[in-house]
Amino acid sequence: MMEEILKQVQAGTLSVTEAKEKLATYENLGFAKVDHHRKNRQGFPEVIYGEGKTTEQIHAIIKAIRSKGDNVLVTRISKDKADSILRDYPEFTYNETASILYWKKDTKQKPSTHGYIAIVCAGTSDLKVAEEAAVTAEALGSEVRRFYDVGVAGIHRLFDHIEQIQQATVSVVVAGMEGALPSVVGGLVSHPVIAVPTSVGYGANFNGLSALLTMLNSCASGISVVNIDNGFGAAYNAVLIDNIAKKGAKNE
């Protein structure tokens, strides 16, 4: 990239100021420094955390990311903020359950034949976190299959889908209450399991702490645990695992 920009400067088709802007690793907006170099380091553009930011701030960051031609992903964004941004960017998609606003370039890529991410959700009350994980993974380019309301209170519901879950590259398992579901899934699959505790539950759930501790103390091997209600973090790690698996499959 640098060599191409230098050639353009030498040819007079690009000014020195324009060249500096193209080579800049971040853009200083005053209230935020947008990391344009993150895609080169980590494979994905910077993701915008919408909670705590004003509509105007989110809008400005989106504009900066779009100026580089990158995909846009905004998490934890309220419907009011999303509706305001959608007026200027009607091509964006908002998933209200996941509280995610996103836009992907139309690359016209064929669906992958090298696996998928299973999003396994214990109960309907956990859907918000599960959908945050599912939509994040889809926005980052992975195929997702959803297996919802399959918690341990009716374990036969899980068994109806277990073969499909076993064929996944990686599973994200979301559960509140006592948080037992990841241990069950972890004992039935041969791939990594990313456990997500949710804050769903009664008093002794302690806003997800009981589920978190259950998952951290799981006796099933191959389970990693993210923070309470962190569907995004689980999905991001799952996509990295999925991408490594795809690279391995292509090299075979």
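With ring centers used as reference points, Y49 lies 6.0 Å or more from F232.
Rounded to the nearest 0.5 angstrom, I194 CD1 and N237 CG are separated by 5.0 Å. With rounding to the nearest 0.5 angstrom, the CG atom of L140 is 6.5 Å from the OG1 atom of T136. One finds the NZ atom of K53 at 12.5 Å from the OG1 atom of T55 (value rounded to the nearest 0.5 Å). Taken to the nearest 0.5 Å, the NZ atom of K81 stands 9.5 Å off from the CD atom of E56. If you take OH on Y236 and OG on S142, they are separated by 11.5 Å, rounding to the nearest 0.5 Å. Rounded to the nearest 0.5 Å, atoms CG (N205) and CG (L212) are 10.5 Å apart.
Minimum interatomic distance between V196 and A234 (heavy atoms only, all atoms of both residues): CG2-CB, 3.4 Å. For V172 against A133, the heavy-atom pair with the smallest separation is CG1-CB, 4.2 Å. Residues I61 and A32 share a closest heavy-atom pair of CD1-CB, 4.2 Å. Heavy-atom minimum distance, D126 versus A122: OD2-CB, 3.7 Å. V72 and F92 make their closest contact through CG1-CE2, 3.9 Å (heavy atoms, listed as atom of the first residue, atom of the second, distance). What you find for C121 and Y148 is that their closest heavy atoms are CB-CD2, 3.4 Å.
Residue E138 forms a salt bridge (Lys or Arg N to Asp or Glu O under 4.0 Å) with just one option from K104, R146, R145, and that option is R146. For the side-chain hydrogen bond (donor to acceptor under 3.5 Å, both in side chains) with S99, the qualifying choice from E132, E51, K128 is K128, the only one to do so.
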Criterion salt bridge (Lys or Arg N to Asp or Glu O under 4.0 Å) on D83 and R87, from CA distance to verdict
CA-CA 7 Å; D83 285 343; R87 285 194 284 270; over 6 Å; no

With salt bridge (Lys or Arg N to Asp or Glu O under 4.0 Å) as the criterion, how do E46 and K68 come out once you've worked through the C-alpha distance, each side chain's angles and the decisive distance to 0.1 Å?
CA-CA 12 Å; E46 181 173 2; K68 300 296 182 181; over 6 Å; no

Give the intermediate values and the outcome of side-chain hydrogen bond (donor to acceptor under 3.5 Å, both in side chains) for residues S171 and H191.
CA-CA 8 Å; S171 288; H191 58 248; 2.8 Å; yes

With salt bridge (Lys or Arg N to Asp or Glu O under 4.0 Å) as the criterion, how do D35 and R41 come out once you've worked through the C-alpha distance, each side chain's angles and the decisive distance to 0.1 Å?
CA-CA 10 Å; D35 186 1; R41 301 193 314 271; 2.6 Å; yes

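Note on L127 and I228: separate hydrophobic clusters, where clusters join Ile, Leu, Val, Met, Phe, Trp and Tyr whose side-chain heavy atoms are under 4.5 Å apart, directly or indirectly. Hydrophobic clustering (side-chain heavy atoms under 4.5 Å, transitive across Ile, Leu, Val, Met, Phe, Trp, Tyr) groups V239 together with L73. M215 is connected to L158 through a chain of hydrophobic side-chain contacts under 4.5 Å among Ile, Leu, Val, Met, Phe, Trp and Tyr, so both are in one cluster.
Every residue meeting the salt bridge (charged side-chain N to carboxylate O under 4.0 Å, His left out) condition with D70, not counting sequence neighbours, appears here in chain and number order: K39.
With contacts defined as side-chain heavy-atom distances shorter than 4.5 Å, the pair F44/L240 qualifies. Considering only heavy atoms from C-beta on, I48 comes within 4.5 Å of I65 through its side chain. Using a 4.5 Å heavy-atom cutoff, the side chains of R157 and F147 are not in contact. Contact of the I77 side chain with the Y94 side chain is registered, since non-hydrogen atoms from C-beta on lie closer than 4.5 Å. Taking the side chain as every heavy atom from C-beta outward, D229 and R76 approach each other to under 4.5 Å.
Applying the side-chain hydrogen bond (donor to acceptor under 3.5 Å, both in side chains) rule to pairs touching residues 213-223 yields S183-S218, sequence neighbours excluded.
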